[in-house]
Structures are given as C-alpha cells and as structure tokens.
Amino acid sequence: MPASNSDIAKVFDEIADLLEILDENAFRIRAYRNAARLIEGLGVSAGQMLAKGEDLTELPGIGKDLAGKIREIVETGTCAAREELRKKLPATITTLLKIPGLGPKRVQTLYRRLDISTPEQLYAAVKDGKVRELPGFGEKTEAALLQALGRRAPADARFPLAVAAQYGEPLRAYLAKIPGVNDAVIAGSYRRSRETVGDLDLLVTAKDSATVMDRFCEYPHVADVKSKGDTRATVVLANGLQVDLRVVPRTSFGAALYYFTGSKNHNVAVRRIAQQRKLKINEYGVFRGKRRVAGETEQSVFKAVRLPFIAPELRENRGELEAAQAGTLPTLVALDDLRGDLNVSPRDLEAELETFVEAARQRTMRYLAITLPARHMKPAQLQQSLAAIDRANEARRGLVLLKAVAVDIAENGELDAGNIALDDFDIVTGAVNSAFDLPRAKQTRRVLRALEHPRFTLFAHPTGRLLNRREPCDLDVPRVIRAARERKCFLELNSQPERLDLPDVYCRVAREEGALIAINSGAQRAAELEHLRYGLGQARRGWLGAKNVVNTRTVADLRALLQATRL
DNA sequence: GCCGTTTTCGGCCCGACTGTTTTCAGTCG
C-alpha cells in the first residue's frame, strides 16, 4: 500500500514538530512544513508522479533532499530521518504542541525538566504544582493549561464554511453598525472560501479602536475573551468558534485586508517578491524605506509590487504568483456565469416546482435539471412527475426544465435503475451511495465501469465525503477525471455545504485534464440554490473558469453537450 | 532545507499580545 499525499504530509509535519522542539534551524523546519502543505494540495498523488518518472524537484520548495524523502516515504511508509528523531524524543510529544499556550520551547522545558511527553503526564504534574516552578511558567499559564486539558475538545476541529457564515455574517453586521466604523469585513480562510475554517478573522477600520474592541468583547454570543489589546482581540463564541478582530486606520485597509486574507504561505511569498523590489509589506501598507507607497486598497498593494490582482481564492501559494508574473492567471468563473443548475431535487415536486422555477428565474438562470430519485419511485409516481415537468415547460417562462434521474452505482459498477427507462431522461446522474469503504482499486473500477454505461451523464458528489462526518472514498480521482473527459461526461461539484464535492484540488486537475464540471446546488428546497456560492468558491479555488463549467453554457450548447454524452 | 538578474553562500516575513519578567521570550496568526 503506497503512502498517500496526506501520509507524506503527516510525516513531514511530525519531523517539523520534532525539529522545533529540538530547537533546530527555523528555516529548515519551515521547509518541511511548506513541503507538507504543497504535497497536500497537489491533487495528483506523489506516488503516481514518481511512478511516471516525473522530477519532484521541479515543485517549488522541493529540493534534492525532500524529493528523496518523498520517494522513501512512498516506498516504505516512513523515512529514516523521522525514525532518528523519534529516538531522540518520544513520538507522543508532538501531541503537547496542540495544547493552546504550549509551543516548542515550553514543550522542551516540560520534557527536559519533568520528563513529560503526554497530556496525561502534564495533567498530573500541573496537579502536583510542579509546572509553575519551571522557568517561563507561572500561575496564569498553569491555570490556562489546566483549563485546556480539562476541555478535552480536539483543537483541530474546523467549522464548515456555511456554519462560519451563519455566525460570522451577523457579527460582521454588528461591528459595521458601531459608530465610527467605516469597513467591517471577514478576511482569512473565510474570504478565500476554504471548505472549512479554523477561526474567523474580522477586519475593521475605525478612528477609535478602543470603542470597537469593547463592543466586540461585549457581543452577546461571546463566551470567552482570550486576549484584548489596543488594536487586536481574540474571543471564543458559545459554539466554540474563535474570532480574531483587528482594527486598523482607514488608510491601511487594503494592506490589512490583503495581509489578513492570507494565506500565510502566499503572504510570505509575496513579501519575498516585494523584498526583491526593495519594498516592505506589512498590515499597514507597502513601504520603500520609511515612505509608504501603497495600502489604501488591495489593488494598490498589488500595483506597488507590480503584480496583477490575484483573487482571494487563489492565494494559497499553489502557483498563482508564478502565473501572475507570467500573465497567465485564469479568469475565474463567477456567480453570474451560472446559467443553470443540473441537479435539484424538490422533495415534493408538485408542490415545490413553482417555487424552484421562480427562485431560478430570480437568479437569471435559464435551465434547471429536476432530478428524480430512481430508487424511491414507483412507475406511476414517476410518470406523474415527468408529466408535471412537461406541463411546467409548456407554460414557458424563459426557463427550461430538464429531466434528470439519480441512479445508484452498484458495487459492481452497474447502474441500479430498477425498471426505469433511462431514455426518458435528458440527464442520468450516477453516484456512489453505498460501500464507501471499498479499497482503492475496487472503488475506482466500480466508478470507471459506471462511466462506461451508454446513458451515463453526470458523476455526482464524486468523493462521497461529508465534512467532519465521512471521509472521502478511496478513489483514484485523477483517473476518473480522465475517463470522464474521454467519455465526454461531466463531474459534479455539489454545493451542499457539507459536501463541496468535488474538492478544489481535483477541480484543478479537471481543469488541467480538460474535463467539464457541473456546479450544482443539489437543492431539495428552493432556498438552497443559495448554496451555489459555496460550490462556486470551491470551483474558483480550483482555478476553474467559465469554460471549464458546463452549466455556464446556453441551453442550446448544453443540449449539444448532453447529446455527445450518449453512446 | 531551499534558492539564485544580490546565484553555490548567506540569506530566508512581520507584528500584536500575554505572562513572566524587570527589558523580553514565547506563542500566535
């Protein structure tokens, strides 16, 4: 079983953690961390790249040494460097780094002085009053540790984007209404449309920061104020979501927005470019020596470092800076580009069809594919539904309703359509809805076989993941993407907030392979068409332009593409 | 550990807040 990209990233992160506790060169540590992030976001598996004989040192931040270690991990599942480090320090010690307030220095102190390498040992030592005696520790640190250890909540719980929006948008509106506040925006990974966010980064411009800080900490849903200074504060909401607020003067808005949107790796890379131009970037502006040359708007910051504007969704240091410098940044698909939705399934068709039609029209859509669930419908029911769609189409109000049917892909790759005539439908939407945990080879074979069906149109929610609930299937997604392209079928990017499936890294693979993506809401209620914005965010993170997305086409073009899927 | 129109050495992004300290290290983002 060859190591996956996330296995490789885990090894590199562990090496970085251990080196940090050993107080090794900080830049060496960063090289491991950067490599971990790079590998995670690669889309294609490093193992396959190696198998194809590709040169990993061409990846940014990967040199001879790291390329060798990647090969070693792919082949053996581990690498000698990690094993050596584990001889110097207990492997469990990295779990201590996850405890808030503990960094490498304090962890090292705990280990050297008290031989502590697990949270349990730490808890016992705190109870014995031993920890407060250590240099760099005191009563407050001890109390904070006790609280953190008692919480037992995993520190790496992330919030789906839609959940973060539910809490973040009202808070943003609350801040915007404070007298003296000019701008109030949510930056960070939220603005980059990451599928989940670890915390919310709010940015406010105001003359009087003290008032804003006070009102922020008084916000009704705040459960705990973790820190509060003149221009920066951190709180935790009752649901556990951490929110950071930063207040800057209006003239620094663009620089601060850019800075707090990140990602960290993107910022570091941009600063390096700025440095080459003898410029310094921080959250207050762009500086040449002491003189401020930009900062009021994000555009001014880009202009100062002679780069074109880079959309927030691209700012991950995954090649966007090279593309920007080469003038090859993609024009990303926008919400207005979407002319339809190829997968909506009203729960009660007769009752809700009109609501859907109206909601779609308001979004200036031209078509909706109404998806009927094959497995839960009796033939009579089905005919009734199809008739209802026909009637709605006859009424003709600038919106075309297409007929789609959802079929399960059986474990052997056959389409489980019961006795339904697939020819009655414009679109046949296949999905894996069972046996999610098949081994990679079997799961891949299953899907490839389904794609071979002469009526197959759309592969829905391809990885089957549910954020925080179900891991993606072990599927060779790049291979499925290639098969879909050859077969002229579409892959869905399902916009349901807990799915966001296809994930961004695979969108990018689809773009490179030339496969078409359908950004669908998967809505069961008309209001859920709103979810398209989350799917769109994921698509943009995957560098998709309008031409990569099938539902940006006109009805006529779509019909032609649908015809081409039929074998 | 990586990288190069400052190129094989010597750099590598930058600032706020807290707590433990009497001027700053550690952590965090």
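Order of the sequence lines sets the chain letters (A, B, ...), proteins ahead of strands, with each chain counted from 1. What you see is a predicted model, and the numbers here were worked out from it, not measured in a lab.
Taking the side-chain contact (heavy atoms from CB on, under 4.5 Å) definition, one finds that A:Glu133 meets it with nothing, sequence neighbours left out. Here A:Val305 pairs with A:Ala274, A:Leu279, A:Ile281, A:Leu307 under the side-chain contact (heavy atoms from CB on, under 4.5 Å) rule; sequence neighbours left out.
Checked by distance alone, A:Tyr259 brings a side-chain donor or acceptor within 3.5 Å of a matching partner on the base of B:dG29.
Across residues 189-199 of chain A, not one residue has a non-hydrogen atom less than 4.0 Å from an atom of DNA chain B. Of the residues in residues 234-255 of chain A, those lying under 4.0 Å from DNA chain B by heavy-atom distance are A:Gln242, A:Asp244, A:Arg246. Applying a 4.0 Å cut-off to non-hydrogen atoms, the residues of residues 279-289 of chain A that approach DNA chain B are A:Lys280, A:Ile281, A:Asn282, A:Glu283, A:Tyr284, listed by residue number.
When the P atom is used for both B:dC28 and B:dT23, the distance is 25 Å, rounded to whole Å. B:dA16 and B:dG11 have their P atoms separated by 26 Å, with the value rounded to a whole Å. The gap from the C1' atom of B:dG15 to that of B:dC9 amounts to 29 Å, rounded to the nearest Å. Here the separation of B:dT6 from B:dG1, taken at their P atoms, is 27 Å to the nearest Å. Rounded to the nearest Å, the gap between the P atom of B:dT20 and that of B:dT27 is 13 Å. Taking atom P in both B:dC17 and B:dT22, the straight-line distance is 23 Å, to the nearest Å.
Counting any heavy atom pair closer than 4.0 Å across all strands shown, A:Asp230 reaches sugar-phosphate atoms only and no base atom. Counting any heavy atom pair closer than 4.0 Å across all strands shown, A:Lys69 reaches sugar-phosphate atoms only and no base atom. Using a 4.0 Å heavy-atom distance criterion, A:Gly188 is classed as making no nucleic acid contact. Counting non-hydrogen atoms under 4.0 angstrom, A:Asn267 reaches nothing in the nucleic acid.
Defined by atom type and a distance below 3.5 Å, a donor-acceptor pair is missing between the side-chain atoms of A:Asp501 and A:Gln496. Using modelled atom types, one finds no donor on one side chain facing an acceptor on the other under 3.5 Å when comparing A:Arg113 with A:Thr109. In summary, the side chains of A:Asn265 and A:Ser263 do not present any donor paired with an acceptor at a separation below 3.5 Å, with no hydrogens or angles considered. Judged by distance alone, the side chains of A:Thr211 and A:Asp214 never bring a donor and an acceptor atom under 3.5 Å apart.
Protein atom CD of A:Glu20 is 10 Å distant from nucleotide atom C1' of B:dT27, rounded to whole Å. Rounded to whole angstrom, the span from the CZ atom of A:Phe27 across to the P atom of B:dG10 amounts to 15 Å. If you take CG of A:Asp17 and P of B:dC28, they are 12 Å apart, rounded to a whole angstrom. Atom-to-atom, CZ of A:Phe12 to C1' of B:dC2 comes out at 13 Å; the value is rounded to the nearest Å. Atom P of nucleotide B:dG29 and atom CG of A:Leu203 are separated by 17 Å, given to the nearest angstrom.
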- Going through the checks in order, is the side chain to side chain donor-acceptor pair (under 3.5 Å) test met by A:Gln242 and A:Thr234? CA-CA 7 Å; A:Gln242 180 173 309; A:Thr234 299; 4.9 Å; no

- Item | Residues A:Arg158, A:Thr196; criterion side chain to side chain donor-acceptor pair (under 3.5 Å); working and verdict | CA-CA 6 Å; A:Arg158 295 178 62 90; A:Thr196 59; 2.9 Å; yes

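Here A:His266 contributes atom NE2 and A:Asn317 contributes atom CG; the two are 8.0 Å apart, rounded to the nearest 0.5 Å. Rounded to the nearest 0.5 angstrom, A:Gln108 CD and A:Asp23 CG are separated by 6.0 Å.
Taking both residues in full, the closest heavy atoms of A:Arg318 and A:Trp543 are given as O-CZ2, 3.7 Å, listed atom of the first, atom of the second, then distance.
Each of A:Leu102 and A:Leu66 lies near DNA chain B, and the nucleotide nearest A:Leu66 is the one positioned closer to the 5' end. Across the interface with DNA chain B, nearest-nucleotide mapping of A:Asn25 and A:Gln276 shows A:Asn25 to be the residue nearer the 5′ end.
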- Message: Using a 4.0 Å heavy-atom cut-off to protein, can you give one letter per nucleotide of nucleotides 18-25 of chain B, 5' to 3': B if the base is in contact, S if only the sugar-phosphate is, - if neither?
- Response: SSS-----

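Under a 3.5 Å cut-off, the side chain of A:Thr141 and the backbone N or O of A:Phe137 do not form any donor-acceptor pair. Looking only at distances, no side-chain donor or acceptor of A:Arg540 sits under 3.5 Å from a matching main-chain atom of A:Leu314.
For the pair A:Arg192 and A:Tyr258, the cation does not sit on the ring face, since its NZ or CZ is not both under 6.0 Å from the ring centre and inside 45° of the axis.
Taking a pair to require two hydrogen-bonding distances under 3.5 Å in either a Watson-Crick or a G-U wobble arrangement, B:dT8 remains unpaired.
Checked against B:dG29, B:dC17, B:dG1, the side chain of A:Asp65 finds its nearest nucleotide in B:dG1.
The shortest side-chain heavy-atom distance between A:Leu85 and A:Glu83 does not fall under the 4.5 Å cut-off.
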